[in-house]
Amino acid sequence: MELKKIIIAILTLICLAISPQLKAQQTIVKASIDSTSILIGEQTFFHLEVVTNKGETVQLPTLVDTLTAGVGILGASQPVTKDIGNNRIQVKQDYLVTSFDSALYIIPGLKVVAGSDTILSNNVVLKVSTYQVESDDFYDIKDTLKPPFVLSDYYFIIYGILGTLLLFCIVMYILQKRKKAEPILSFKKKEPDLPPHIKAIMHLDEIKSEKLWQQGKMKEYHTEITDVLRKYIEDRFGINALEMTSEEIVQQSYKLSEADSARDSLKYILQLADFVKFAKYNPLPEENEMSLMNSYLFVNQTKKEEKPVIENEDNELNLKAEEQKIK
């Protein structure tokens with residue numbers, strides 16, 4: 001019986017000794033940091049983790065903008081509660097922190113309330129280092145750099161010189177005109193536009209004087225002749241002959257009564273030119289001469305006869321003479 005009492009007494013003492021420790025281990029608070037060493041301005045995460053029994057109300061510390069003096073809080077996540085089994089839960093919250101002063105910071109334990117107990121977390125150390133500046137190499141002061149050449153910086157000089165030259169030329173021009181007693185500004189009257197047949201005859205005369213076919217330039221010779229006729233037909237009859245084929249021009253000529261007598265001449269000229277340009281036909285000298293002669297003939301036979309102005313002047317003179325006689 002005495003041995004049994006002794007054993008019971010020993011067990012009672014052991015339970016009394018370890019009961020505070022069991023009570024203290026019911027809630028565990030742990031603080032940690034991702035990186036214990038950062039540079040000024042860098043960021044890292046500070047974690048606060050609480051493990052306690054289910055049903056316990058956990059109150060985490062309210063941290064606004066400072067974790068400790070010199071270590072600021074940039075943001076905080078919402079607390080996350082997780083069931084870890086064995087009737088235990090885990091409550092975790094993360095803080096994004098940084099520092100702008102180089103020093104060794106000891107973040108003191110944070111107070112967490114779990115049920116009726118207040119538990120303090122462990123301390124965390126954070127080292128904040130500054131950037132290393134290379135100071136071994138020294139350099140002399142550099143010379144003043146010349147600005148690069150930019151053309152736009154000299155525009156005012158260029159325009160000034162050009163303006164001065166222009167003004168000088170204008171002054172010299174005026175002085176020369178006054179010296180010769182001539183008007184400073186002379187306006188020429190616009191010459192009246194020549195009739196289509198006159199312009200065509202002038203161009204045919206130029207072709208005749210060039211003597212292209214005599215130089216072996218058959219294609220150029222017949223091309224110039226047909227171009228003159230196409231332009232004449234366009235100006236004389238209002239037909240877009242410059243954009244038509246030879247066959248289309250001949251077909252259009254059937255609608256023109258003025259061209260009845262000269263249609264064969266036009267057809268001969270256009271067909272011969274097509275043979276030379278597209279079939280590389282080498283016409284005889286007589287054919288070259290005939291093409292130019294037929295061109296003159298076509299223009300003269302289809303030209304528009306205009307009433308001479310002199311008749312109107314003679315009529316006016318006659319009327320004035322009759323008036324004098326009556327007086």
Side-chain angles (χ1 to χ4, degrees), residues 6-145:
I6 293 172
I7 294 172
I8 292 174
I10 293 172
L11 292 175
T12 303
L13 291 175
I14 293 173
C15 290
L16 291 174
I18 66 175
S19 60
Q21 295 180 6
L22 292 173
K23 184 177 181 181
Q25 289 179 356
Q26 287 179 354
T27 300
I28 302 172
V29 180
K30 177 183 177 183
S32 63
I33 194 166
D34 285 349
S35 179
T36 58
S37 179
I38 61 174
L39 293 173
I40 290 178
E42 286 187 345
Q43 302 171 2
T44 186
F45 278 100
F46 175 83
H47 308 285
L48 183 61
E49 181 182 345
V50 180
V51 178
T52 187
N53 297 324
K54 276 186 179 181
E56 294 286 356
T57 302
V58 178
Q59 295 181 7
L60 299 177
T62 303
L63 303 174
V64 181
D65 55 3
T66 303
L67 193 60
T68 188
V71 181
I73 298 175
L74 300 177
S77 67
Q78 294 295 326
V80 178
T81 302
K82 181 181 178 182
D83 189 344
I84 59 176
N86 296 327
N87 202 31
R88 304 277 282 173
I89 60 172
Q90 179 192 60
V91 182
K92 187 175 182 182
Q93 189 172 17
D94 301 325
Y95 302 87
L96 181 63
V97 298
T98 188
S99 177
F100 295 98
D101 293 319
S102 59
L104 180 63
Y105 297 96
I106 298 176
I107 302 173
L110 302 178
K111 293 181 180 180
V112 177
V113 177
S116 59
D117 297 329
T118 300
I119 303 94
L120 200 65
S121 69
N122 56 293
N123 297 339
V124 176
V125 177
L126 175 63
K127 180 180 179 182
V128 180
S129 304
T130 186
Y131 291 94
Q132 296 295 326
V133 179
E134 296 291 340
S135 58
D136 296 337
D137 298 330
F138 296 93
Y139 302 94
D140 293 334
I141 299 174
K142 293 185 177 180
D143 294 334
T144 304
L145 298 177

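Index from 1, following the sequence.
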Can you tell me how far CD1 of Ile28 sits from OG1 of Thr52, rounded to the nearest 0.5 angstrom?
-> 9.0 Å
side-chain hydrogen bond (donor to acceptor under 3.5 Å, both in side chains) partner of Glu49, chosen from Gln93, Lys92, Gln90 | Gln90
Give me the one residue out of Asp101, Leu126, Thr66, Val128 that meets side chain to side chain contact (heavy atoms under 4.5 Å, CB included) with Val71.
-> Leu126
In sequence, state the C-alpha distance, the side-chain angles, and the governing distance for Ile73 and Val64, and then conclude on side-chain contact (heavy atoms from CB on, under 4.5 Å).
-> CA-CA 7 Å; Ile73 298 175; Val64 181; over 6 Å; no
How long is the gap from CG on Asn123 to CD1 on Ile107, to the nearest 0.5 Å?
-> 9.5 Å
Write down the atom of Gly109, the atom of Leu120, and the distance for their closest heavy-atom approach.
-> O-CD1, 3.5 Å
Compare every heavy atom of Pro61 with every heavy atom of Leu110, then report the nearest pair and how far apart it is.
-> CB-CG, 4.0 Å
In this structure, NZ of Lys111 is separated from CG of Leu60 (nearest 0.5 Å) by 15.0 Å
For Gly70 and Tyr105, which heavy atoms make the closest approach, and how far apart are they?
-> CA-CE2, 3.7 Å
Separation between CD1 (Ile40) and OG (Ser99), nearest 0.5 Å, reads 7.0 Å
Heavy-atom closest contact (Thr27 atom, Ile119 atom, distance) = CG2-CD1, 3.5 Å
Might you confirm whether atom CG of Leu74 has over 12 heavy atoms from other residues, nucleotides or ligands at distances under 6.0 Å?
-> yes
Check: Asn53 and Arg88 side chains under 4.5 Å, non-hydrogen atoms = yes
With side chains defined as the heavy atoms from C-beta onward, is the minimum distance between Asp83 and Lys54 less than 4.5 Å?
-> yes
In Å, rounded to the nearest 0.5 Å, how long is the span from OG1 of Thr44 to CG of Asp34?
-> 4.5 Å
When you measure from the side chain of Thr130 to the backbone N and O of Ser102, does any donor-acceptor pair fall under 3.5 Å?
-> no
Walk me through it: do Ile33 and Val125 pass the test side-chain contact (heavy atoms from CB on, under 4.5 Å)?
-> CA-CA 8 Å; Ile33 194 166; Val125 177; over 6 Å; no
Would the number of heavy atoms belonging to other residues, nucleotides or ligands and lying under 6.0 Å from CG of Asn86 be above 12?
-> no
Closest heavy-atom pair and its distance - Ser37, Ser129 = OG-OG, 4.4 Å
Just how far is it from atom CD of Glu42 to atom OG1 of Thr98, taken to the nearest 0.5 Å?
-> 8.0 Å
Could you give me the CA-CA distance, side-chain angles and deciding distance for Val58 and Val112, then say whether side-chain contact (heavy atoms from CB on, under 4.5 Å) is met?
-> CA-CA 7 Å; Val58 178; Val112 177; 4.0 Å; yes
So, do Val29 and Leu48 sit near enough that their side-chain heavy atoms are less than 4.5 Å apart?
-> yes
Could you pull out the closest heavy-atom pair between Tyr95 and Ala76, with the gap in Å?
-> CD2-CB, 3.6 Å
Report yes if the side chains of Asn122 and Lys30 come closer than 4.5 Å at any heavy-atom pair, otherwise no.
-> yes
